[in-house]
Amino acid sequence: MKAIFYVVRKAVKNAVLDTFRHPARLILYALIGLSLIYGIIMGFTMNAVDYELSKDIRALYGGYLALLHFISIPIMLKGLSSGTSFFSMSDVNNIFSAPLSPKKILIYGVGRQLLSMLFLVICFSSYGGMVMRVFRLSVSNALLLVGGILMTFILVQMITLVIFCISSGHPKRAEFIKYIIYAIPLYTLTVFGVHMFGYGLTIENLFSSMAQPMLAYSPMIGWVHGFIFGLLNHDTTNIAVYGILLLFMTIVSVLIFLYSKLDYYEDVLQGAENNYIFRDSIRTGTMSEAVFLGSRKINVSNTGIGKGHGANTIFYKHLKEGSRRSRFKFLNISTAVLLGVALVTGIAINQLLSFNPFKNTIIYIGVTIICSYVQFFFSAAGDWVKELGKPYIFLIPEDPVKKLIMASATSIIKPFIDASISYIILAVIVGGAIPDIITSILVYGSFGCVYIAANVLAQRIVGMNGNRGIFITFYMSLIFLLMVPGVFLGVMALTHARMFADISATVMGLPIFFWNISISLLIFLMCRNLLNNVE
Amino acid sequence: MINVSHLTKKYGKFKANDNLSFTVKDGEIAVLAGPNGAGKSTAIKCIAGLLRFDGEIEICGHNNKSMEAKQILGYIPEIPAPFELLTVWEHMEFIARAYKLENWEDKANELVKRMELDNKKNKLGKELSKGMQQKISICCALLISPKAVLFDEPFVGLDPHAIKELKSLLTEMKSQGISIIISTHMLESVDEFWDKVFIMMDGKIEAERERRFVEESGENLEELFFNITEKSVTARK
């Protein structure tokens, strides 16, 4: 174990020293730290929002339970991923071959992951002040909530260890455990949904759905929730029941770990190699599709690009690649997510504001805001970004602007297609004026253009081989800066129209659409030399 | 002809290439040799137009970043990067369409056959081994009938048959008057056909020799390489 402690000590020391050798990274960390401190101070000093939602402690029950799911489920699923998240390639090459107990090595791997997650605990803690103000909690209660998050992190790591011990080398067991993990959020959603939709979509039912005792029955996550809120409400029954359950779970997990025969090196090796390539591709900005595709079998019965001459061959190539990624070409997981988000948001607003005369306007504005935000998470790795990892786009003897537009074409078109599907289905369910629907589709699509343009501009300014952390921070700041004028124009138009009692999503959306398209085009033209070289 | 004049490539204060000047005539095979970190790959990437640099580079009289130069320049990168979701044959089709080639199928067939990829035409890029991916890179670069070709460590990962075929292709290209630059550590693999060698150390060309002079002195490429690099290291100590 001494060797492992030595590695950890040296790795931490060198990481700290390395940070001081890279001033830009240091500034970035300082900014993150300052923003966290700012968040905490603001949370303590701001006035509680005078709104029903903020005062009701039941909103905290729901939000906290959602947070615990958000923390736990992805980590538990990682326990099934052959330990790829625990170990790096250097661990595999150096520690696995050393004469050390596999169990100690596994504890080291899981501990490493726990340390890397501490940052998340700090981030969540920064909301402590705000939560205290909004829900009028005492300092000890806020600390209790933070303690619950920390407790969840530790318990979930322990569960991950057990999952790994049980499933390593047994694909069928892994598959079974995966379904059990999926069943936990499914149970929560079912309990919530049955109550919410069973009693009617009102604010009161929304809150009472969040505070149902049955939500605490789900293993681990629910038990932690029940235990922490038991302490918060001085409910001795809940403290005892969920405390005993958690203690029992801990004892069983430790026993399983101690008596399991571990032989996981082979499972980890392949995963760690893939992980290494994946991280390297993120670091260098050369996303290798092979990492995402893995060993998935792809149908190649229909061969040939078929069309294209010069730069537009890149577009037709992307269409061919898209058809291999998904049978439905442009339709993929982002289409499904967008549709889900649009329907849930739209229907919820429709129910909650059923008597509001501007209900439909608010639906389309609200859905567009939330969906455009969600779109950001799907826009980072568009086809054109993948193209930058290969030399061909730079070598093809064509005008760089043409190449850039053709390489981005599929990424530009996709949001418009996604939005058309989602908004039309939403319109069928909740109704709405045709101009509002069309404008919403255009606005959503135009935000896609802004995301691509911001990415192009960030690549042009920061470069493709720089620090990815700085790149992403810069990219996100650019998105914000590019969007603000359009949104401002939209709000101005809406405010102006309000004076004439003419409120519609079209009035607000059109200025945003025209701004987004104009600024995106301008950036494309300004960055026309991006493909002149790979730097 | 490839003409490199005062090529300097800096990364911050570090000079990866320091004032390189050389010419590779039509039908000439030049070897860029040197230890790890000498700046060979950087020079190749600058000539391919992939990196920013100071100085001038011309491919058959055209600035290396011009469309004319790109149309006649083939580049085989050190790390092959095929499109994971395109088949071997679709790589050929992609290059042919992007470079606006006509009647390319026969040439593509011949290249694919010589690189022993003809029975893997419908295999996806992601399904191929590193060596086969390298073969795709070679086929793509040669399909455009280039007038100048840059090979960055072309023999790494290739099987003996592919090395033999590549050597034969290089000799054919040389006889067709194509200018070729090969960056390599494997000096014995270019021993049969090299015309000119540039030995690089720390971003500079430490020595430039033509084959006939080396042969007249009774040295071979490997001896020359060690003589120059070891002498240079000793001198710096």
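Keep in mind that what you see is a predicted model, and the values were worked out from it rather than measured. Chain A is the first sequence line, chain B the second, and so forth, proteins listed ahead of strands; every chain is numbered from 1.
Surrounding NZ of B:Lys147 are at most 12 heavy atoms belonging to other residues, nucleotides or ligands under 6.0 Å away. With a 6.0 Å radius and a threshold of 12 heavy atoms from other residues, nucleotides or ligands, B:Glu56 has its CD atom at or below the threshold. Summarising the local packing, NZ of B:Lys174 is surrounded by more than 12 heavy atoms from other residues, nucleotides or ligands at distances under 6.0 Å. By the neighbour-count criterion of 12 heavy atoms within 6.0 Å, atom CD1 of A:Ile417 is densely surrounded, having more than that number from other residues, nucleotides or ligands. Residue A:Ile333 qualifies as open at atom CD1: its count of foreign heavy atoms under 6.0 Å is 12 or below.
Between A:Glu398 and B:Lys100 there is a salt bridge, since a side-chain N of the basic residue sits under 4.0 Å from a carboxylate O of the acidic one.
Aromatic ring pairs are classed by plane angle as parallel below 30°, tilted from 30° to 60° and perpendicular above 60°; the pair B:Phe83 and A:Tyr392 is tilted.
The shortest non-hydrogen separation linking B:Leu86 to A:Lys320 is CD2-CG, 4.0 Å. For the pair A:Thr313 and B:Phe94, the tightest heavy-atom approach, listed with the atom from each and the gap, is CG2-CD1, 3.6 Å. What you find for A:Gly306 and B:Arg97 is that their closest heavy atoms are O-NH2, 3.0 Å.
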Could you walk me through whether A:Thr303 and B:Trp89 satisfy the side chain to side chain contact (heavy atoms under 4.5 Å, CB included) test, starting with their C-alpha distance in whole Å, then the side-chain angles of each, then the deciding distance to 0.1 Å, before giving a yes or no?
CA-CA 9 Å; A:Thr303 58; B:Trp89 188 250; over 6 Å; no

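Interface remark: A:Asp399 contributes backbone atoms only to the contact with chain B (heavy atom separation under 4.5 Å). Of the two parts of B:Ile95, only the side chain, counted from C-beta on, holds a non-hydrogen atom closer than 4.5 Å to a non-hydrogen atom of chain A. Neither the backbone nor the side chain of B:Pro80 comes within less than 4.5 Å of any heavy atom of chain A.
With B:Glu84 as reference, A:Lys390 is the one residue of A:Arg324, A:Lys386, A:Lys390 to meet the salt bridge (charged side-chain N to carboxylate O under 4.0 Å, His left out) rule.
Residues B:Leu50 and A:Leu395 meet the side-chain proximity criterion, which asks for heavy atoms closer than 4.5 Å.
To the nearest 0.5 angstrom, A:Ile305 atom CD1 is 4.5 Å from B:Glu93 atom CD.
Against chain A, the residues from residues 57-67 of chain B that qualify, each with a non-hydrogen atom under 4.5 angstrom away, are B:Lys65, B:Met67 in number order.
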